[in-house]
Undergrad: 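Got a structure for you, questions after.
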Amino acid sequence: MSKESHKKEKLDFIREIIAADLKSGKHSTVITRFPPEPNGYLHIGHAKSICFNFGIAREHQEIGARCHLRFDDTNPEKEESEYVDSIKADVRWLGFDWGDNLYFASNYFDFFYDCARHLINKGLAYVDEQSPEEIRTHRGNVTTPGTPSPFRDRPVEENLDLFARMKAGEFDDGAMVLRAKIGMTSSNMNMRDPVMYRIMHATHHNTGDQWCVYPMYDFAHPLEDALEHITHSLCTLEFENHRPLYDWFIDNCPVPAKPRQIEFSRLNLSYTVMSKRKLLQLVNEGHVSGWDDPRLLTISGMRRRGYQPAAIRSFCHRVGITKFNSVTDMAILEAEIRNELNQNAERRMAVVNPLKVVITNWPDDTHSELVEVPNNPANKEAGTRQVSLGKELWIEHDDFMEDPPNKFFRLGPGRSVRLRGGYIITCTGFEKSDTGEVTEIHCEFIPDTIGKDAPEGVKCRAAIHWVDSATAMDAEVRLYDRLFSVENPDAAEGGFLSCLNTDSLSVITDAKLEASLARANPGDVFQFERVGYFCADSVDHIPGEKPVFNRTVALKDSWK
RNA sequence: AGCCCUAUGGUGUAAUGGUAACACUCCGGAUUUUGAUUCCGUCAUUCCAGGUUCGAGUCCUGGUAGGGCUACCA
C-alpha cells in the first residue's frame with residue numbers, strides 16, 4: 001500500500017522490545033489490548049493506540065498474536081452502554097477486528113474482590129475510615145512524606161470483616177476505602193498506600209446493582225492484563241509513574257501471568273481540542289450537533305467529514321511511537337487525507353460564485369448535448385459521466401477578468417479557455433451593470449475541440465469548470481477551515497469554545513442531470529475541482545432536497 | 001521543591017559507537033483538459049558544557065528546557 005512497504009520496516013522502541021522477547025523465548029506470541037473506558041466517544045488520539053495495538057497483533061499473526069478489545073469499566077458513574085456500542089463501531093470502521101477477544105473489566109469483579117482479600121490476608125491491605133480530605137492531607141506532598149492512617153494497623157480479621165460489610169452495602173459512599181499497605185514515604189506519590197476500592201452505590205451499565213464497591217484503575221488494570229495473559233500492556237506516558245504500582249499488584253496477587261507495561265507518548269495535534277472533558281462539554285452544552293459533529297476529531301466526526309480509515313491509519317503510522325512529548329502538525333494529517341482522497345474521490349464540477357455565460361454561436365436555445373467527463377482523470381476505472389452542455393452556462397466569477405494580467409490563464413476579452421471536458425470557448429464581449437459589475441459574458445465555442453488540442457492560432461492554457469444553467473441544481477457545502485481550528489493557539493485552553501465558527505456556501509452543481517450528487521451515499525467524497533473535497537453528509541441529507549456536504553479538506557494551494 | 005521521563009531541520013520520525021536520512025510544510029522549476037495531481041530541485045537538523053573512545057546523535061557526568069506525579073478518575 002505505502003510506497004515504502006517494500007523497504008525494511010524500522011522498529012520503534014516497543015516493537016524492538018517485543019522482538020527481543022520473542023527471540024529470547026520469554027514469550028512465544030504477543031497479546032496486546034486496547035482498553036478504553038466507555039465514558040465517551042473515541043477520537044484520533046485513540047486511533048493511534050488502536051492502530052498500534054492491533055497493528056502489532058497483525059504483524060505477528062503467524063504466531064497467533066492477537067489484540068483484545070477490553071472495556072475498562074470500573075467507574076459506573078461515568079460509563080454508559082451507548083459508549084460501548086460506539087467504540088465497537090469505531091474500532092471496526094477503522095479496520096480492526098478483535099475476533100472473540102471482547103472483554104469487560106466488570107466481568108472480573110469477583111476476581112478483583114478475591115485478590116483484595118488475598119492482600120488483606122497477607123497484611124498488605126487495610127480498610128481506612130478517614131475522610132477523603134484526611135487521606136489527602138496525610139498523603140503529604142512531593143517533598144514531604146505522608147503520615148500513616150490511624151487505621152493502618154487494623155488486624156487482618158477486622159479488615160476482612162469490614163471489607164465484606166463494605167461489599168454488603170452496610171456503609172455510605174465515602175465512609176471508608178480499602179487501601180494497599182505499601183508505605184507512606186515513597187517519592188512516588190502513587191505508592192503511598194493507594195486506594196484500591198471505594199464505595200459507590202451506583203448502577204453499573206454491565207453489572208447493574210450487584211456491586212457497591214468498585215476497584216480503582218491502578219488495582220484493576222494489572223489484574224485485567226494478567227488475567228487475559230497480555231504480554232505487553234501499552235499505555236500512554238502519564239502512567240509511567242504508575243508502573244511500580246502495576247508491578248506491585250502483579251507481584252502480590254495470585255495472577256496467572258506477568259504482563260509488562262510500556263509507555264509511549266500520546267498524540268497531540270496542533271490547533272485542536274481532543275480532551276474528553278472538553279468534548280463532553282461541547283456535546284452536553286449543545287455547541288456541536290453531537291459526538292459525530294464533523295468539526296470534532298472524534299472517529300465518528302471524521303467519518304462524517306469524509307476522512308477515510310486508510311488515511312487515518314497511515315497518519316498513525318507516520319507519526320510513529322516514541323516517548324517524546326510532541327505536537328504533530330495538522331498539515332501531516334491533512335496531507336494523508338488528501339493523498340488518499342486524490343486517488344479515490346470522484347471529481348465534480350461546481351460553481352460557487354456564478355457568472356452567466358452565453359454561447360452566442362450555439363445552434364439554438366433549446367439544443368443541448370452531452371459531453372463525457374472522466375470521474376477521475378488519474379484513474380480510468382472510475383469511469384466517466386455525461387454532463388449536459390447548453391447555450392447558457394454558469395462559470396466561476398473569478399474565472400473572468402475584464403483586464404487580466406499576463407499570468408492569468410482564464411477568460412478575458414478575446415481570450416480562450418477550455419470548458420473542462422468540453423469545447424474551447426473564446427470571449428467576445430461582456431455586459432456590465434450600472435454599478436460596474438460584470439453581469440454576463442458572451443463567448444463563441446470552437447467546434448470539434450472536445451478532446452482535441454486547440455486549433456492553430458488559439459491560445460488556451462487552462463480548463464475551467466462550468467455548469468449548464470438549464471440543468472443546474474443547488475447544493476450546500478459547509479466549510480470548516482481545518483478541523484476545529486483555532487485562530488489563536490492560546491484559545492485551545494479556556495477559550496476553546498470560540499473556535500466553532502462554521503461557514504456555509506451555496507454552490508451550483510451539474511448534479512441535476514447525472515443525479516450522482518443527489519443520490520450520493522452518506523460518506524461519499526467528491527472533489528469539486530479547484531475547491532476541495534466534500535463529503536455527503538450522513539445526517540442532514542434528505543433525499544430529494546438540496547444536498548448538504550461537509551468540506552473534508554481544501555485542495556492544496558488552490559483557488560480559495 | 002522531591003521523584004520519574006524526554007530532548008535530531010519549522011513539524012513528526014530514522015540512523016548494530018562509524019558518510020545524519022525519510023515524510024510533511026515553505027520556496028523554486030517542469031509537466032498538466034483541475035493554478036490540483038505528478039515529477040524534479042532549494043533552504044534547513046543532533047539543547048549546552050565536560051568526559052570515555054581512533055571515532056559520540058548514540059555511552060557517562062553536570063547543566064538547561066519541556067512533560068508527568070501530590071483523584072475515593074482512567
Side-chain angles (χ1 to χ4, degrees), chain A residues 3-4 7 10-12 35-37 39 72-75 77-79 128 130-132 135-136 139-146 173-179 186-192 194-200 213-214 216-218 220-221 235-244 263 265 270 276-277 315 317-336 338-339 342-343 347 349 373-374 376-378 407-410 417-422 424 449-454 460-465 527-532 555-559:
Chain A
K3 291 177 210 160
E4 52 216 62
K7 278 200 271 180
K10 301 284 190 270
L11 295 186
D12 53 70
E37 182 188 18
N39 67 345
D72 208 358
D73 51 354
T74 57
N75 184 352
E77 285 180 351
K78 293 185 173 181
E79 296 148 10
D128 194 347
Q130 292 183 107
S131 69
I135 289 182
R136 194 179 334 117
R139 184 156 27 229
N141 60 40
V142 290
T143 45
T144 63
D173 288 6
M176 54 188 71
V177 292
L178 183 71
R179 290 231 255 170
S186 171
S187 56
N188 182 344
M189 300 297 292
N190 300 118
M191 297 298 278
R192 318 243 261 229
V195 173
M196 293 166 53
Y197 264 99
R198 76 286 214 186
I199 301 172
M200 282 175 121
V213 288
Y214 290 92
M216 302 289 291
Y217 167 89
D218 281 319
H221 206 88
C235 63
T236 42
L237 241 31
E238 67 267 28
F239 294 107
E240 228 164 7
N241 292 347
H242 295 240
R243 193 180 344 125
E263 310 84 14
S265 70
S270 58
K276 250 187 202 173
R277 204 199 86 239
F315 167 73
H317 181 254
R318 275 241 66 84
V319 299
I321 297 294
T322 65
K323 299 187 77 162
F324 178 57
N325 210 297
S326 59
V327 181
T328 298
D329 197 305
M330 190 72 89
I332 294 179
L333 208 210
E334 293 184 337
E336 294 293 348
R338 274 195 212 97
N339 185 37
N342 178 44
Q343 298 164 47
R347 270 104 246 239
M349 292 193 285
V373 183
N376 187 335
K407 295 288 274 181
F408 186 80
F409 304 139
R410 288 164 271 160
V417 78
R418 178 183 298 278
L419 296 174
R420 173 113 178 98
I424 292 173
T449 47
I450 293 183
K452 295 179 179 167
D453 288 340
C460 174
R461 287 203 57 183
I464 64 172
H465 52 158
Q527 186 194 90
F528 291 171
E529 302 191 319
R530 290 168 57 218
V531 182
L555 243 44
K556 201 172 130 192
D557 242 12
S558 173
W559 166 83

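Proteins get letters first, then strands, A, B, ... in listed order; numbering begins at 1 in each.
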Undergrad: Write down the distance separating the C1' atoms in B/G28 and B/C43, rounded off to the nearest Å.
TA: 10 Å
Undergrad: With a 3.5 Å cut-off and just heavy-atom distances, do the side chain of A/Q527 and the base of B/U34 make a donor-acceptor pair?
TA: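 Side chain to base: pair present.
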Undergrad: Tell me what A/I464 touches on the nucleic acid: a base, only sugar-phosphate, or nothing, going by heavy atoms under 4.0 Å.
TA: nothing
Undergrad: Can you tell me, in whole Å, how much space there is between the P of B/A23 and that of B/C60?
TA: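 Straight-line distance between the two P atoms is 32 Å.
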Undergrad: Taking only Watson-Crick and G-U wobble pairs with both distances under 3.5 Å, what dot-bracket line describes RNA chain B, where [ ] shows pairs that cross earlier ones and | shows pairs with another strand?
TA: .((((((..((((....[..))))..((((.......)))).....(((((..]....))))))))))).....
Undergrad: Using atom CE of A/M330 as one end and atom C1' of B/C24 as the other, report the distance to the nearest whole Å.
TA: 14 Å
Undergrad: How far does the P atom of B/C22 sit from the matching atom of B/A71, given to the nearest Å?
TA: 48 Å
Undergrad: Scan nucleotides 65-74 of chain B nucleotide by nucleotide, 5' to 3', and note B when protein non-hydrogen atoms come under 4.0 Å of the base, S if they reach only the sugar-phosphate, - if neither.
TA: --SBSBSBBB
Undergrad: Any base atoms under 4.0 Å from A/I450, or only sugar-phosphate, or nothing? Heavy atoms, all strands.
TA: base
Undergrad: Applying side chain to side chain donor-acceptor pair (under 3.5 Å), can you list everything that pairs with A/N190, at least two apart in sequence or on another chain?
TA: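 For A/N190 there are no side chain to side chain donor-acceptor pair (under 3.5 Å) partners, ignoring immediate neighbours.
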Undergrad: In whole Å, measure the gap between the P atoms of B/C54 and B/U38 for me.
TA: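 It works out to 50 Å between them.
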Undergrad: In chain order, what residues pass the side chain to side chain donor-acceptor pair (under 3.5 Å) check against A/K276, with sequence neighbours excluded?
TA: A/N39
Undergrad: I'd like to know if A/R410 reaches the base of B/G35 with its side chain, counting only an N/O donor and acceptor under 3.5 Å.
TA: yes
Undergrad: Who passes salt bridge (charged side-chain N to carboxylate O under 4.0 Å, His left out) against A/E240, sequence neighbours left out?
TA: A/K323
Undergrad: Using the test side chain to side chain donor-acceptor pair (under 3.5 Å), find all partners of A/E77 that sit at least two apart in sequence or belong to another chain.
TA: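 Partners of A/E77 by the side chain to side chain donor-acceptor pair (under 3.5 Å) criterion come out as none, since no residue qualifies.
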Undergrad: Holding to ring pair (Phe, Tyr, Trp, His ring centres under 6.0 Å), I want the full list of residues that pass it with A/Y197, two or more places apart in sequence or in another chain.
TA: A/F163, A/F219
Undergrad: Starting from C1' on B/U8, measure out to NZ on A/K323 and report it in whole angstrom.
TA: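 That distance rounds to 18 Å.
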Undergrad: Give me the distance, rounded to whole Å, that separates B/U13 from B/U8 when you measure between the P atoms they each carry.
TA: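 Each nucleotide's P atom is 8 Å from the other's.
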Undergrad: Roughly how many Å is it from CZ in A/F324 to C1' in B/U11, rounded to a whole number?
TA: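 So the two atoms are 10 Å apart, to the nearest Å.
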Undergrad: Rounded to the nearest angstrom, tell me the gap between atom CZ in A/R420 and atom P in B/U37.
TA: 14 Å
Undergrad: Applying side chain to side chain donor-acceptor pair (under 3.5 Å), can you list everything that pairs with A/T144, at least two apart in sequence or on another chain?
TA: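 Only A/N141 meet the side chain to side chain donor-acceptor pair (under 3.5 Å) criterion with A/T144.
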Undergrad: Please classify the nucleic acid contact of A/T322 as base, sugar-phosphate, or nothing, using heavy-atom distances under 4.0 Å.
TA: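 Result for A/T322 = sugar-phosphate.
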Undergrad: In whole Å, what is the span from the CZ atom of A/F315 to the C1' atom of B/G12?
TA: 9 Å
Undergrad: What is the nucleic acid contact for A/K276, judged by heavy atoms within less than 4.0 Å: base, sugar-phosphate only, or nothing?
TA: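 Answer is nothing: A/K276 stays at 4.0 Å or more from every strand.
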Undergrad: Remember a base hit wins even if backbone is also touched, and classify A/T143 as base, sugar-phosphate or nothing at under 4.0 Å, heavy atoms.
TA: base
Undergrad: Across the strands shown, which category fits A/F408 at heavy-atom distances under 4.0 angstrom: base, sugar-phosphate, nothing?
TA: base
Undergrad: Describe the nucleic acid contact of A/A335 in one word from base, sugar-phosphate, nothing, applying a heavy-atom distance below 4.0 Å.
TA: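 The answer is sugar-phosphate, as A/A335 gets under 4.0 Å only of primed atoms, P, OP1 or OP2.
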Undergrad: Does the side-chain ring of A/F409 lie flat on the base of B/G35, meaning centres under 5.5 Å and planes less than 30 degrees apart?
TA: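 By the stated criterion, A/F409 and B/G35 stack.
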Undergrad: When rounded to the nearest Å, what value does the distance between C1' atoms of B/U42 and B/C26 take?
TA: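 Between the two C1' atoms, the distance is 11 Å.
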Undergrad: When the P atoms of B/U16 and B/U58 are considered, how many whole Å apart are they?
TA: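 Pairwise P distance, B/U16 against B/U58, rounds to 13 Å.
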Undergrad: Apply salt bridge (charged side-chain N to carboxylate O under 4.0 Å, His left out) to A/D128 and list each qualifying residue two or more places apart in sequence or on a separate chain.
TA: A/R179
